[in-house]
Amino acid sequence: MTDSPIRDENSKAEGSRALNFIEEIVEENLREGKNDSRVHTRFPPEPNGYLHIGHAKSICLNFGLAQRYGGKTNLRFDDTNPTKEDVEYVDSIKEDVRWLGFSWDDREFYASDYFEQLYNWAEKLILDGKAYVDDQPAEEISKQRGTVTTPGVESPFRNRSIDENLTLFRRMKAGEFAEGSCVLRAKIDMAHVNMFFRDPILYRISFTPHHRTGTKWCIYPMYDYAHGQSDYLEGITHSICTLEFEVHRPLYDWFLDQLTTTAYRPRQIEFARLNLTYTMMSKRKLLELVKNNYVKGWDDPRMPTISGLRRRGYTPESIRSFADRIGVARRDNIIDVSLLEFSVREDLNKKANRALAVLNPVKLVLTNYPEGVTEMLTAINNPENPEAGSREIPFSRELYIEREDFMEVPPKKFFRLFPDGEVRLKYGYIIKCDEVVKDENGEILEIRCTCDMDSKTGGLTANRKIKGTIHWVSAKDAIDLEVRLFDRLFKTPDPEDYPEGGDWKDNLNPESLKVITVKGEPSLRSATVLSHFQFERIGYFNVDPDTTAENIVFNRTVSLKDTWQKVAQNEG
RNA sequence: UGUCCUAUGGUGUAAUUGGCAACACGUCUGACUCUGGAUCAGAAGAGUUCAGGUUCGACCCCUGAUAGGACAACCA
């Protein structure tokens, strides 16, 4: 980054796209010299679940903005509710943000770091006559709040004296009252059009130990009371959140107006959250999927969590480029998952080494190829990256090819193998199908071919024009691999769209996971966990952590774009 | 029967602040290819939710409608 807080020519070049509305605001603030022309953002997750792709959008936004304008981004855990939060989640969140490629340096903060200051501010509000202790039960308070079209009713405890409120609040803090017996409320306006101004609750009592402060506190601040002040204490300039907090903004500003006097002021800006087709983004419902074993954990490769995507084989770069592509705006949006898939393919195409693997094998015998001979053929590791080099793969008389690559009665434009047809074996020879051996049920047992012995890559007849090239694996050299084929977790584009009396879980796709055993080239034996491969003509796969010495497990990240499937479908 | 937000090709995002709508993905052609991948070339697809108004000129400003969303946890 440069010394200038304003975007320089370099960063302008790298981000040649048009500014989004938040960048527009930031640049305007920079021009005005607001907040000493600082840009300081924060990513404020509540540690009550794992981060998902929607959070990734927010992370990219917050950290990206700071990077672009030479600012900083804090990681702040919004840990004001001990009943829902846990260290397991703070650890996973840190890992995920780091994995995505962002650094908060030493600025790892917690809302709980500010409990003391927040408490003192609460006493100030009481002293100013702007807060009071309410002894009513939750239901009563809720009832008195009124509705969006009718004003609320004032609490009978609303006009307690300052002294009484102060004493009561201190006793709340001291643990003298039971959970739910009383709360601290701001004294604003029970008839306000904005429901959040109808004497919002500031503090409630909870004796659940907090994952950081233990049992030191038994009163905890509510989100509205904690968030803006935390931003303020950290010197945040642009507090970016999703649209549902828009209604909270006036209250966010109100607290700061009551409590602070400096010219510096953080500004809350809301954007539309990410929605993806065929994807559930609700943290609560993702938790339900995990808790009730609909999936195998937060990092199940079918989950839209960062950890799930990572295990599935997504790269940080692919997620960042996705976040970049979808943009940032204020209108509700539903992005097609295929755009996410496009982003991984694009990245993996450049990075993943190729390998040959046959998912649905059928035996193929080269009748004119010598028996007992194994010849090594040279295969390119990655045509997109010459530096990836090459490797040797064994070839012999008996091979496996993909069952789908052979058809007895080929449709038009089928340029794979069929009786009397020719096809090229990748990195190998051109072969011709002579005979098909079937069992009594008509199931193909074996395909018998002759091999043009001069057609090996680099050979005399190697450059003959052959329409199709198929992949293969040497039968006696192939190794068995466990492959997990994932499909979308939900059957419907909108998982929340279910018939009356139904449940969103009815939309779960029962075929979202298929486990098969496939034949892979022997070099795959040494594949390291989480490394990426493209199985040629099939798709991108990565090694699952479940892999053991005896059992190598591959996850299908995403299939290759399949034009043939489309053609075949259109042919009917 | 309230307040606020939003409305641009199939999807998403732009339009240098009022000068006859661009980009990405997708779709469709064609070329190339020892991956029906990738790559390359090209095409179709919106006249900006609707109705008025201001203006020489409106996606942009004004008015009204319509549609979608947010808001009544001791959640965040």
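Note on naming: letters A, B, ... go to the chains in the order of the sequence lines (proteins, then strands), and numbering restarts at 1 for each one.
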Practice task
To the nearest 0.5 Å, tell me how far A/R330 CZ sits from A/D332 CG.
Solution key: 10.5 Å
Practice task
Side chain of A/E244 only, please: which of B/rA70, B/rU3, B/rA38 is the nearest?
Solution key: B/rA70
Fill in the blank from the handout: Of B/rC75, B/rG36, B/rU13, the nucleotide closest to the side chain of A/D562 is B/rG36
Practice task
Once you apply the 3.5 Å cut-off to both distances, tell me the Watson-Crick or G-U wobble partner of B/rU1, or none.
Solution key: none
Handout entry: Protein-nucleotide distance (A/M172, atom CE; B/rC74, atom P), rounded to Å
Key = 13 Å
Completion exercise
Rounded to whole Å, NZ of A/K84 lies from C1' of B/rC75 at a distance of 4 Å
Handout entry: Per A/M222 side chain, nearest of listed nucleotides B/rA73, B/rC71, B/rU35
Key = B/rA73
Handout entry: Same-atom distance (P) from B/rA51 to B/rC59, integer angstrom
Key = 13 Å
Practice task
At under 4.0 Å between heavy atoms, which parts of nucleotides 18-30 of chain B does protein reach? Answer with one letter per nucleotide, 5' to 3': B base, S sugar-phosphate only, - none.
Solution key: ------SSSSS--
Handout entry: side chain to side chain donor-acceptor pair (under 3.5 Å), paired with A/E422, selected from A/K465, A/R464, A/K467
Key = A/R464
Handout entry: Among B/rU13, B/rA76, B/rA38, the one nearest A/E384 by side-chain distance
Key = B/rA38
Problem - Closest listed nucleotide, where the reference is the side chain of A/F196 and the choices are B/rU35, B/rC71, B/rU17 - result: B/rC71
Handout entry: Base-pairing assignment for B/rA65 (Watson-Crick or G-U wobble, both under 3.5 Å)
Key = B/rU49
Practice task
Quick one: closest heavy-atom pair of A/R391 and A/L356, and the distance?
Solution key: NH2-N, 4.1 Å
Practice task
Rounded to whole angstrom, note down the P distance from B/rA21 over to B/rC60.
Solution key: 14 Å
Completion exercise
Out of B/rU33, B/rA70, B/rC5, minimum distance to the side chain of A/K465 belongs to B/rU33
Handout entry: Donor + acceptor pair across side chains of A/E392, A/Y427 (<3.5 Å)
Key = no
Practice task
Tell me which nucleotide among B/rC71, B/rC74, B/rG36 gets nearest to the side chain of A/V148.
Solution key: B/rC71
Handout entry: B/rG52 versus B/rC71 - spacing of their P atoms, nearest Å
Key = 36 Å
Problem - From B/rC5, B/rA73, B/rC71, nucleotide with atom closest to A/E246 side chain - result: B/rC5
Problem - Span that lies between the P atom of B/rC20 and that of B/rU29, in whole angstrom - result: 34 Å
Handout entry: Contact under 4.0 Å: A/T150 side-chain N or O vs B/rA72 OP1/OP2
Key = no
Practice task
Please work out which of the three classes, parallel, tilted or perpendicular, describes the rings of A/H210 and A/Y220, given edges at 30° and 60°.
Solution key: parallel
Practice task
Under 4.0 Å between any heavy atoms, over every strand shown, what does A/Y220 touch: base, sugar-phosphate, or nothing? Just pick one.
Solution key: nothing
Completion exercise
To the nearest angstrom, the NZ-P distance between A/K413 and B/rG36 comes to 15 Å
Practice task
For the pair A/S321 (side chain) and A/S343 (backbone), establish whether a donor and an acceptor sit closer than 3.5 Å, ignoring hydrogens and angles.
Solution key: no
Completion exercise
Side-chain contact check for A/R416: nearest option of B/rC74, B/rU35, B/rG36 is B/rG36
Handout entry: Side-chain N or O of A/R204 closer than 4.0 Å to phosphate OP1/OP2 of B/rC75
Key = yes
Exercise for the section: Could you work out which one of B/rG12, B/rA76, B/rU13 sits closest to the side chain of A/I335? Expected result: B/rG12
Fill in the blank from the handout: Between CZ of A/F77 and C1' of B/rA76 the distance, given in whole Å, is 14 Å
Practice task
Report the distance from atom CZ of A/F415 to atom P of B/rG37, rounded to the nearest whole Å.
Solution key: 9 Å
Handout entry: Considering all heavy atoms, the nearest A/Y278-A/F490 contact
Key = CD2-O, 3.4 Å
Practice task
Figure out the CZ/P separation between A/R537 and B/rA38, and round it to whole Å.
Solution key: 14 Å
Exercise for the section: Give a yes/no answer on whether the side chain of A/T563 brings an N or O atom under 4.0 Å of OP1 or OP2 in B/rG37. Expected result: yes
Practice task
Please round to the nearest 0.5 Å and tell me the distance separating atom OH of A/Y252 and atom CZ of A/F196.
Solution key: 15.5 Å
Exercise for the section: If the plane angle is over 60° it's perpendicular, under 30° parallel, otherwise tilted; pick one for A/F541 and A/F535. Expected result: parallel
Problem - Spacing between A/M407 atom CE and B/rG36 atom P, to the nearest angstrom - result: 16 Å
Exercise for the section: Looking at every strand, decide which applies to A/A138 at a 4.0 Å heavy-atom threshold: base, sugar-phosphate, or nothing. Expected result: base
Exercise for the section: Identify whether any heavy atom of A/P383 sits under 4.0 Å from a base atom; if not, whether one sits that close to sugar-phosphate; answer base, sugar-phosphate or nothing. Expected result: base
Problem - Any A/R145 side-chain N or O less than 4.0 Å from OP1/OP2 of B/rC74 - result: yes
Exercise for the section: For B/rA46 versus B/rA22, give the span between their C1' atoms, rounded off to a whole number of Å. Expected result: 12 Å
Exercise for the section: Determine the interatomic distance between C1' on B/rC28 and the same-named atom on B/rA44; round to the nearest Å. Expected result: 7 Å
Exercise for the section: Please evaluate the base of B/rU35 for a donor-acceptor partner in the side chain of A/Q534 within a cut-off of under 3.5 Å? Expected result: yes
Handout entry: For atom CG of A/L287 and atom P of B/rA76, their distance in whole Å
Key = 16 Å
Fill in the blank from the handout: Between A/M280 and the options A/H52, A/E496, A/E288, the side chain to side chain contact (heavy atoms under 4.5 Å, CB included) test singles out A/E496
Fill in the blank from the handout: Checking N1-N3 plus N6-O4 or O6-N4 for Watson-Crick, or N1-O2 and O6-N3 for wobble, each under 3.5 Å, the partner of B/rC59 is none
Exercise for the section: Searching all strands shown, indicate the nucleotide that pairs with B/rA15 (Watson-Crick or G-U wobble; both distances under 3.5 Å). Expected result: none
Exercise for the section: Could you give the distance separating B/rG12 and B/rU6 at their C1' atoms, to the nearest angstrom? Expected result: 15 Å
Fill in the blank from the handout: Checking N1-N3 plus N6-O4 or O6-N4 for Watson-Crick, or N1-O2 and O6-N3 for wobble, each under 3.5 Å, the partner of B/rA73 is none
Handout entry: Shortest non-hydrogen contact from A/T80 toward A/R204
Key = O-NH1, 3.3 Å
Problem - Nearest-angstrom distance, P atom, B/rU54 to B/rU17 - result: 25 Å
Practice task
May I ask whether A/Y223 stacks on the base of B/rA76, given the cut-offs of 5.5 Å between ring centres and 30° between planes?
Solution key: no
